[in-house]
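Keep in mind the model is a prediction, meaning the values are calculated, not measured. Just follow the structure's listing: the first ligand is 1, and inside any ligand the first atom is 1.
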Amino acid sequence: MKKELGVIPAVYPLPVLMIGTYDENGVPDVMNAAWGTVCDTDKIALCIEGHKTNENIAKTKAFTVALADAAHVKEADYFGIASAKKTPDKFARTGLTAEKSARVNAPVIDEFPLTMECEFIEEVETENLHMVVGKIVNVLADEAVLDEKGNVDAAKLNALVYDHFGRCYRVAGERAGGAWHAGKDLMK
Ligand SMILES: Cc1cc2nc3c(=O)[nH]c(=O)nc-3n(C[C@H](O)[C@H](O)[C@H](O)COP(=O)(O)O)c2cc1C
């Protein structure tokens, strides 16, 4: 017997994306975004609206997107509850460090293990959605999260995921089967 839960965004897991931008004075800001995803293989779409981050992207035409890891859950959550609109030293308060991306006008946060460097492409606004779309021009990874072939080993990322049901962060879980592979037997 299934129970009706009404209208809730019943997608799990959601990502914990750290959107890095520079303000008009070159001060780094980072915001937490769970409502975002990749489209195609080189684009990212973020449902973000009304934040200092939006103002920054409008000016710099660039942003970075890092995956938050379990070691930085405190900072990741803070980036989602504090706004640089009210707290100009928002980023500095965390003690994290940032370097300017070599490719786009946005900060790369040293402590996050995997970062996409993105050029702003467009803002899509309809009656139902508001999305900021970026082109991924490069990905930077700490060597510690790579396997022996140089590919990202998700097991080493300790990536946080957002659980909207429980309003908490979890650590991404274990391998359950090969994609484009686990279902092969049923093709016979
Ligand atoms: C877990 C979590 C997820 C969030 N996801 C989003 C999101 O997808 N889109 C959005 O507009 N705001 C989201 N927020 C809220 C922003 O991160 C928050 O308003 C932040 O203060 C904006 O920072 P800024 O004004 O410095 O850019 C989220 C907050 C939390 C805690």
Nearest-contact summary for [atom] - protein heavy atom, Å:
atom                    : value
atom 29 (C) of ligand 1 : Gly80 O, 3.4 Å
atom 3 (C) of ligand 1  : Asn32 OD1, 3.5 Å
atom 11 (O) of ligand 1 : His51 NE2, 2.6 Å
atom 26 (O) of ligand 1 : Asp29 OD2, 2.7 Å

> By ring pair (Phe, Tyr, Trp, His ring centres under 6.0 Å), which residues pair with His164, not counting sequence neighbours?
Replying inline: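 Testing His164 for ring pair (Phe, Tyr, Trp, His ring centres under 6.0 Å), a comparison that skips the adjacent residues, returns Trp35, Tyr162.
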> Mind checking whether Ile48 has an N or O less than 3.5 Å away from an N or O of ligand 1?
Replying inline: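 Min N/O separation from ligand 1 is not below 3.5 Å for Ile48.
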> Does the N or O separation between Ala34 and ligand 1 drop below 3.5 Å for any pair?
Replying inline: yes
> Which bit of Lys90 is near ligand 1, meaning a heavy atom under 4.0 Å away: side chain, backbone, both or neither?
Replying inline: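 Side chain only; the backbone of Lys90 stays clear of ligand 1.
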>> For atom 31 (C) of ligand 1, which of the options Tyr169, Trp35, Tyr162 provides the nearest non-hydrogen atom?
In response: Tyr169
> Can you tell me if Asp77 and Tyr169 form a side-chain donor-acceptor pair at under 3.5 Å?
Replying inline: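 There is such a pair between these side chains.
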> Quick one: does Ala82 get within less than 4.0 Å of ligand 1, heavy atoms only?
Replying inline: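 Within the 4.0 Å threshold, so yes.
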In ligand 1, which numbered atoms sit nearer than 4.0 Å to a non-hydrogen atom of [X]?
X     : result
Phe79 : 17 (O), 20 (C)
Ala84 : 24 (P), 25 (O), 26 (O)
Lys52 : 24 (P), 25 (O), 26 (O), 27 (O)

>> With side chain to side chain contact (heavy atoms under 4.5 Å, CB included) as the criterion, how do Phe79 and Val30 come out once you've worked through the C-alpha distance, each side chain's angles and the decisive distance to 0.1 Å?
In response: CA-CA 6 Å; Phe79 286 138; Val30 180; 3.6 Å; yes
> How would you list all residue pairs meeting side-chain hydrogen bond (donor to acceptor under 3.5 Å, both in side chains) that involve residues 57-73, not counting sequence neighbours?
Replying inline: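 Those involving residues 57-73 are Asp69-His72.
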> Given Val171 and Val161, is the side chain to side chain contact (heavy atoms under 4.5 Å, CB included) satisfied, shown in steps?
Replying inline: CA-CA 6 Å; Val171 180; Val161 298; over 6 Å; no
